A.B. asks: 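The structure is given below, and queries will be raised subsequently.
If you're wondering where the values come from, they're calculated on a predicted model, not measured in any experiment. All residue numbers in this chain count up from 1 along the given sequence.
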Amino acid sequence: MEETNFVLLWKEHYEKIEASLAINKRLLLGALEDKAKSSLSSLKRLKTTGIILSVPYLLFLGALLFWAVTHYSPALFYFTFSVAAIFIINIKALADYIKHLVWVNNIGYDGSITNIQQRLNKLQLSIISHARIMCLQFPFFTTFYLSNKWFPHMVGWGYIVFQVALTGSFTLLSYWLYKNHKMESLNKKWFRKMIAGSGGRSVAKAIEFYREIEEFKKS
């Protein structure tokens, strides 16, 4: 009789332990999911801010470009070409901000973890591509102020060398950054910092949290 009571007590105690572990598991999973959602909420705010700031900036660039085209002369060649290039690249940036915001809002948190991870990886790749294109505008910030009225025939060799070196260095930097903006660079600290401003850090955190959730469920 005592042996039977002991077995019953042990069984009851074991069931309580199992219930407690199940509750702790649900709480831990819930905490990880909340952290992942919080990271993506930060990304939403970042993309929304990007959209809000991009609109007046593009209007400003558009107004400059319209003025340059309507008053075009050879003296405005550098200015027109540079502003047009910056304008086109930032149009692409605005389109990316809108696309990323739509993608984040369309993530179904009730779906499978695999599906969520696939969407996050797609978003991460798009953010890298976005940052890659943005690097292409750097050289044009070194040429918009030039004019055929005075460059190069009305300046000394010292300034010509300086301008060529300046634009050339920014072009090389732009090309180097363009080539190195790829998924393989995510293990490099400088690259993670560079794409953080485009939302790379928020997505990376969300991916890591969902990886922890997947591993926890498997274990």
A.B. asks: I'd like to know if the side chain of Thr49 reaches the main chain of Arg45, judged simply by a donor and an acceptor atom lying under 3.5 Å from each other, with no hydrogens or angles considered.
C.D. replies: yes

A.B. asks: Determine whether Met194 and Leu172 fall in the same hydrophobic cluster, where Ile, Leu, Val, Met, Phe, Trp and Tyr are linked whenever their side-chain heavy atoms lie under 4.5 Å apart.
C.D. replies: no

A.B. asks: Kindly state each residue pair satisfying side chain to side chain donor-acceptor pair (under 3.5 Å) with at least one member in residues 81-91, sequence neighbours excluded.
C.D. replies: Ser82-Thr143, Asn90-Gln137

A.B. asks: Could you pull out the closest heavy-atom pair between Leu177 and Cys135, with the gap in Å?
C.D. replies: CB-SG, 3.7 Å

A.B. asks: Are any side-chain N or O atoms of Thr167 and backbone N or O atoms of Val164, one a donor and one an acceptor, separated by less than 3.5 Å?
C.D. replies: no

A.B. asks: At their closest point, which heavy atom of Gly200 faces which heavy atom of Ile127, and how far apart are they?
C.D. replies: N-CG2, 3.9 Å

A.B. asks: Going by side-chain heavy atoms closer than 4.5 Å, which hydrophobic residues are tied to Ile89, directly or by a chain of links?
C.D. replies: Ile133, Met134, Leu136, Tyr178

A.B. asks: Working to the nearest 0.5 angstrom, can you tell me the gap between Thr171 OG1 and Leu166 CG?
C.D. replies: 9.0 Å

A.B. asks: To check you understand the geometry: which heavy-atom pair defines the closest contact between Leu58 and Phe87, and what is its length?
C.D. replies: O-CE1, 3.4 Å

A.B. asks: In terms of hydrophobic clustering (I, L, V, M, F, W, Y; side-chain heavy atoms under 4.5 Å; direct or indirect links), are Val104 and Val102 co-clustered?
C.D. replies: no

A.B. asks: Between Thr80 and Phe77, is there a donor-acceptor pair closer than 3.5 Å when you use the side chain of the first and the backbone of the second?
C.D. replies: no

A.B. asks: How close do His71 and Leu76 get, heavy atom to heavy atom, and via which atoms?
C.D. replies: O-CD1, 3.2 Å

A.B. asks: Can you say whether the rings of His130 and Tyr97 are parallel (under 30°), tilted (30 to 60°) or perpendicular (over 60°)?
C.D. replies: tilted

A.B. asks: Using the rule given for side-chain contact (heavy atoms from CB on, under 4.5 Å), can you reason through Asn106 versus Arg119, listing the C-alpha separation, both sets of side-chain angles and the distance that settles it, and then say yes or no?
C.D. replies: CA-CA 9 Å; Asn106 286 340; Arg119 288 174 178 265; 4.2 Å; yes

A.B. asks: So with a 6.0 Å cut-off around OH of Tyr57, is the heavy-atom count from everything else above 12?
C.D. replies: yes

A.B. asks: For Ser54, which residues count as a side chain to side chain donor-acceptor pair (under 3.5 Å) partner, sequence neighbours excluded?
C.D. replies: none

A.B. asks: Under the rule for salt bridge (Lys or Arg N to Asp or Glu O under 4.0 Å), what residues qualify as partners of Lys99, not counting sequence neighbours?
C.D. replies: Asp96

A.B. asks: Drop me the distance from Leu94's CG to Lys92's NZ, to the nearest 0.5 angstrom.
C.D. replies: 11.0 Å

A.B. asks: How many angstroms lie between CG in Leu101 and CD1 in Ile98, if you round to the nearest 0.5 Å?
C.D. replies: 8.5 Å

A.B. asks: For Phe170, does its backbone N or O pair with a side-chain atom of Ser174 as donor and acceptor, under 3.5 Å?
C.D. replies: no

A.B. asks: Please write out which residues are connected to Val161 in a hydrophobic cluster, directly or through intermediates, given that two of Ile, Leu, Val, Met, Phe, Trp, Tyr count as joined at side-chain heavy-atom separations below 4.5 angstrom.
C.D. replies: none

A.B. asks: With rounding to the nearest 0.5 Å, note down the distance linking NZ in Lys47 to OG in Ser42.
C.D. replies: 11.0 Å

A.B. asks: Cluster partners of Leu59, using ILVMFWY side-chain heavy atoms under 4.5 angstrom, listed by chain and number?
C.D. replies: Val55

A.B. asks: Please say whether more than 12 non-hydrogen atoms of neighbouring residues, nucleotides or ligands are located less than 6.0 Å from NZ in Lys179.
C.D. replies: no

A.B. asks: Given the rule that I, L, V, M, F, W and Y join up when any side-chain heavy atoms are under 4.5 Å apart, are Phe138 and Ile195 in one cluster?
C.D. replies: yes

A.B. asks: Mind checking ring pair (Phe, Tyr, Trp, His ring centres under 6.0 Å) for Phe79 and listing every partner two or more places apart, or none if nothing turns up?
C.D. replies: none

A.B. asks: Decide side-chain contact (heavy atoms from CB on, under 4.5 Å) for Gln124 and Met183; before the verdict, give the C-alpha distance in whole Å, the side-chain angles of both, and the deciding distance to 0.1 Å.
C.D. replies: CA-CA 9 Å; Gln124 187 178 55; Met183 290 290 286; 3.5 Å; yes

A.B. asks: Following the transitive rule for hydrophobic clusters with a side-chain heavy-atom cut-off under 4.5 Å over Ile, Leu, Val, Met, Phe, Trp and Tyr, establish whether Leu186 and Leu43 coincide in one cluster.
C.D. replies: no

A.B. asks: Quick check on the hydrophobic clustering: are Phe162 and Leu173 connected, directly or via other members, by side-chain heavy-atom contacts under 4.5 Å?
C.D. replies: yes

A.B. asks: Count the heavy atoms belonging to other residues, nucleotides or ligands that lie under 6.0 Å from OH of Tyr175, then report whether that count exceeds 12.
C.D. replies: no

A.B. asks: Atom CD1 of Ile128 and atom CZ of Phe191: how far apart are they, to the nearest 0.5 Å?
C.D. replies: 4.5 Å

A.B. asks: Per the side chain to side chain donor-acceptor pair (under 3.5 Å) rule, what does the pair list look like for residues 144-156, sequence neighbours excluded?
C.D. replies: Tyr145-Gln163

A.B. asks: Going by ring pair (Phe, Tyr, Trp, His ring centres under 6.0 Å), name the residues that satisfy it together with Phe140, two or more places apart in sequence or in a different chain.
C.D. replies: Phe81

A.B. asks: State which residues pass ring pair (Phe, Tyr, Trp, His ring centres under 6.0 Å) with Trp190; sequence neighbours excluded, sorted by chain then number.
C.D. replies: Trp176

A.B. asks: Under the side chain to side chain donor-acceptor pair (under 3.5 Å) definition, can you give me all pairs with a residue in residues 191-208, not counting sequence neighbours?
C.D. replies: Glu208-Arg211

A.B. asks: My understanding is that only residues two or more places apart in sequence, or in another chain, count here; which of them pass side chain to side chain donor-acceptor pair (under 3.5 Å) with Asn180?
C.D. replies: none

A.B. asks: Please determine whether the number of non-hydrogen atoms from other residues, nucleotides or ligands lying under 6.0 Å from atom OH of Tyr72 exceeds 12.
C.D. replies: yes

A.B. asks: Nearest 0.5 angstrom please: Leu120 CG to Leu40 CG, how far?
C.D. replies: 5.5 Å

